[in-house]
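What follows is one structure encoded as structure tokens, with my remarks underneath.
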Amino acid sequence: MITTLLVANRGEIARRVLATCRALGVATVAVHSDADADAPFVAEADQAVRLPGNTPAETYLRIDAILDAARRSGADAVHPGYGFLAENAEFAAAVTDAGLTWVGPSAKAIAAMGDKMAAKALLADAGVPMLPTWTDPGQVTDFPVLVKASAGGGGRGMRIVRDADGLAEAVAGARREAAAAFGDGTVFIERYVERGRHVEVQIFGDTHGTVVALGVRDCSIQRRHQKIVEEAPGVLPDDVRAALHEAAVAAGRAVDYVGAGTVEFLLAPDGQVHFLEMNTRIQVEHPVTELTTGLDLVRLQLLVAEGEPLPVTTTPPADGHAIEVRLCAEDPAQGFRPATGTLHRFAIPGVATEFGPARGLRLDSGVVDGSTVSVHYDSMLAKLVAWAPTRTEAARALAGALARAELHGVATNRDLLVRVLRSPEFAAVDVDTGFLDRHPEVFEPLLPAEQLPVAALAAALAGAAARRAAAPVLAGLPSGWRNVPSVPQVTRFTGPGDEEIEVQYRLDRTGALAEWGRKGPLLTDSVEEGSPVNSALPVVELVTATPDRVVLDVDGVRPAFRVHRVGSSVFVDGPDGAASLTELPRLPLPTAELAAGSLLAPLPGAVTRVHVEVGQRVAAGDLLLTLEAMKLEHPVLAPADGVVAELPVPAGGQVETGAVLAVVDPEEDPQ
């Protein structure tokens, strides 16, 4: 029997395992990097052991350090979570050799499935259907193809190639990214199926010979080959569902599988099923299976690890429908690059449970108010899951909760997720792995650009209310009030894409909004009360304004805005969307001028490769260098034709946000 469990992982999956352990009365141990010292999962464990360092290689990937932590803390079992060492056969064997209980499949099964090419050969012999696959790029004649990492998952290392010209660079890039993410740069090439659906079967095996399928999930909505929306049960014909269950169980039995695993398939438009890979761990998307089966999959993992038989031996019927979204720290204004920073507020309304199989709205989060999103790890903040009797109800509840969430301090993909859930195509189950490529409209922000000035006005009025509330004298007078009106109050912000927004307004002696505008001088005589100077702007009246809540009357409709200020950052949440603004100082300080053509680091990271030299002529779009951050490669491209004037950071150099990576002189080459 397990008495003390060490969780060899971090973030939301560590919290997820800890939650089940608390319910079962199992003592827990967390391991953490220096960057994670104040993370919620560390505080929630009964004991915590520091792994000195910050990067995964220094900390969570150190088998020796984790085993030493287990020894020092008295743990008698290890749960690997997912990612990091979860699919590392060497780690599984080392845990077992140390006399500890390993919560997962055998090292032999992990090794068999970890080599994806060997796994394909093994499962093909077991009758599992396969896609055409190559290991030698020179043998590929049938396009399009997908270059994939042989080790690991999560979309890292994947490249779609549509003709022979781009294959060599795609293979080289995939090898670099796979080596950085998994320590193994081996890749292979697989036939790419257009408009295929990514579906997967949750399987479970025990030491008594049982392997059971727990239903099908649909994970087709993906970006950069990473799942962002998952649901269960997948909406499929009964015969396809049965075929998937049969193939997944056959895969598990082929390797004497024990514990939780996921067999992933590609469902072609013609209904043909093709094996993709088998992940020998619990998956990110396991909550949708829990909510539709009523099973706690982590509890089952612990029971199986203790040698108990599975309490289920046949596929349970699905009860209702569950949809999960992955909420990630990503900046839509920067092409959804991973974002870092401090999460000043993380509040999602209506959450019924955290980390548990209860019905309703479930939150599995690795962050709380005040958490720091570090450059050292991936960008996922949380998983939000909705269960409802029907798919339509689940999608509506999930989209509504996301839209009303207060997510302040770090840019996220929230708006994208809401638009996907509310799209007619998603409602009609018209989904496949190319969904986002075909529907660029889902990338539009929830808050329309024409409504941004009103949100900025709300921010300015909340700021004025805060200043009046803090005023030591004459606090009852409206902000900026004069007996004889002269110039308006002016507040300047930067908004999405660093666009500058200037709001001008004037309050009368009663505190009502007399007039307002965006840029340009206000008129004081010929404008009716509440009218904007800019005719394109709506007529607005001020109903109430406090430092954290502003109610306006906009063309006869009264929206309420929640306003949260942290220093110069102002976060405005309204009924139509959210705006993140930065208030500019009235008298800005001088700043150093950058050289023309300077390319700045969008986030902290390491320069992995420099592809050009100083003095080299480049064309717009040419690859200059590659920046690695948050487990992904980010290409830095020439913004225009010119000559490379400076390359201040060599390969291997670390940079912070805003550091100059290169300077491309747009002038003609003087030579």
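Below, all heavy atoms of this structure are taken into account, side chains as well, without hydrogens, waters or symmetry copies.
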Is the gap between the ring centers of Phe336 and Phe443 under 6.0 Å? yes

Any chance CD of Glu441 has more than 12 other-residue heavy atoms, nucleotides or ligands included, within less than 6.0 Å?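 Yes, enclosed.
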
Can you tell me if CG on Asp34 sees more than 12 non-hydrogen neighbours from other groups inside 6.0 Å? yes

Taking [X] first and then [Y], would you say they form a salt bridge - that is, a charged N and a carboxylate O separated by under 4.0 Å?
X	Y	value
Lys116	Glu190	no
Lys383	Glu230	no
Glu583	Arg565	yes
Arg10	Asp378	no
Arg62	Asp68	no

Can you confirm if the NZ or CZ of Arg345 lies within 45° of the ring axis of Phe571 and under 6.0 Å from the centre of its six-membered ring? no

Applying side-chain contact (heavy atoms from CB on, under 4.5 Å) to Val229 and Phe426, what does each step give before you reach the verdict? CA-CA 10 Å; Val229 180; Phe426 183 81; 4.1 Å; yes

Do Arg223 and Leu416 make a side-chain contact, defined as non-hydrogen atoms from C-beta onward lying under 4.5 Å apart? yes

Scan residues 600-615 for pairs that pass side-chain hydrogen bond (donor to acceptor under 3.5 Å, both in side chains), counting only residues two or more places apart or in two chains.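 Non-adjacent pairs meeting side-chain hydrogen bond (donor to acceptor under 3.5 Å, both in side chains): His611-Thr626.
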
Go through it in stages, so that I can follow the logic: the residues are Phe346 and Asp369, the test is side-chain contact (heavy atoms from CB on, under 4.5 Å), and I'd like the CA-CA distance, side-chain angles, deciding distance and then a yes or no. CA-CA 5 Å; Phe346 185 77; Asp369 288 1; 3.7 Å; yes

Can a side-chain donor-acceptor contact be found between Arg191 and His274 if the only test is distance below 3.5 angstrom? no

Evaluation steps, salt bridge (Lys or Arg N to Asp or Glu O under 4.0 Å), between Arg195 and Asp430: CA-CA 10 Å; Arg195 302 205 66 165; Asp430 182 12; 3.4 Å; yes

Less than 3.5 Å apart, which donor and acceptor atoms pair up between the side chains of residues 160-174 and the rest of the protein, not counting sequence neighbours?
unit_1: Arg162; atom_1: NH1; unit_2: Glu194; atom_2: OE2; d: 2.4
unit_1: Asp163; atom_1: OD1; unit_2: Asp165; atom_2: N; d: 3.1
unit_1: Asp163; atom_1: OD1; unit_2: Gly166; atom_2: N; d: 3.4

Quick check for you: to the nearest 0.5 Å, what is the distance between Asp415 atom CG and Glu444 atom CD?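 Spacing of CG (Asp415) from CD (Glu444) equals 10.5 Å.
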
Nearest 0.5 Å, please: how far is CZ in Arg197 from CG in Leu267?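 Result: 6.0 Å between the selected atoms.
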
With distance as the sole test, does Arg414 use its side chain to make a donor-acceptor pair with the main-chain N or O of Leu327 at under 3.5 Å?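 The answer is no, because no donor-acceptor pair under 3.5 Å joins these two groups.
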
Using the ring of each side chain (for Trp, its six-membered ring), is His564 parallel, tilted or perpendicular to His408, with breaks at 30° and 60°?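 Plane angle between 30° and 60°, so tilted.
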
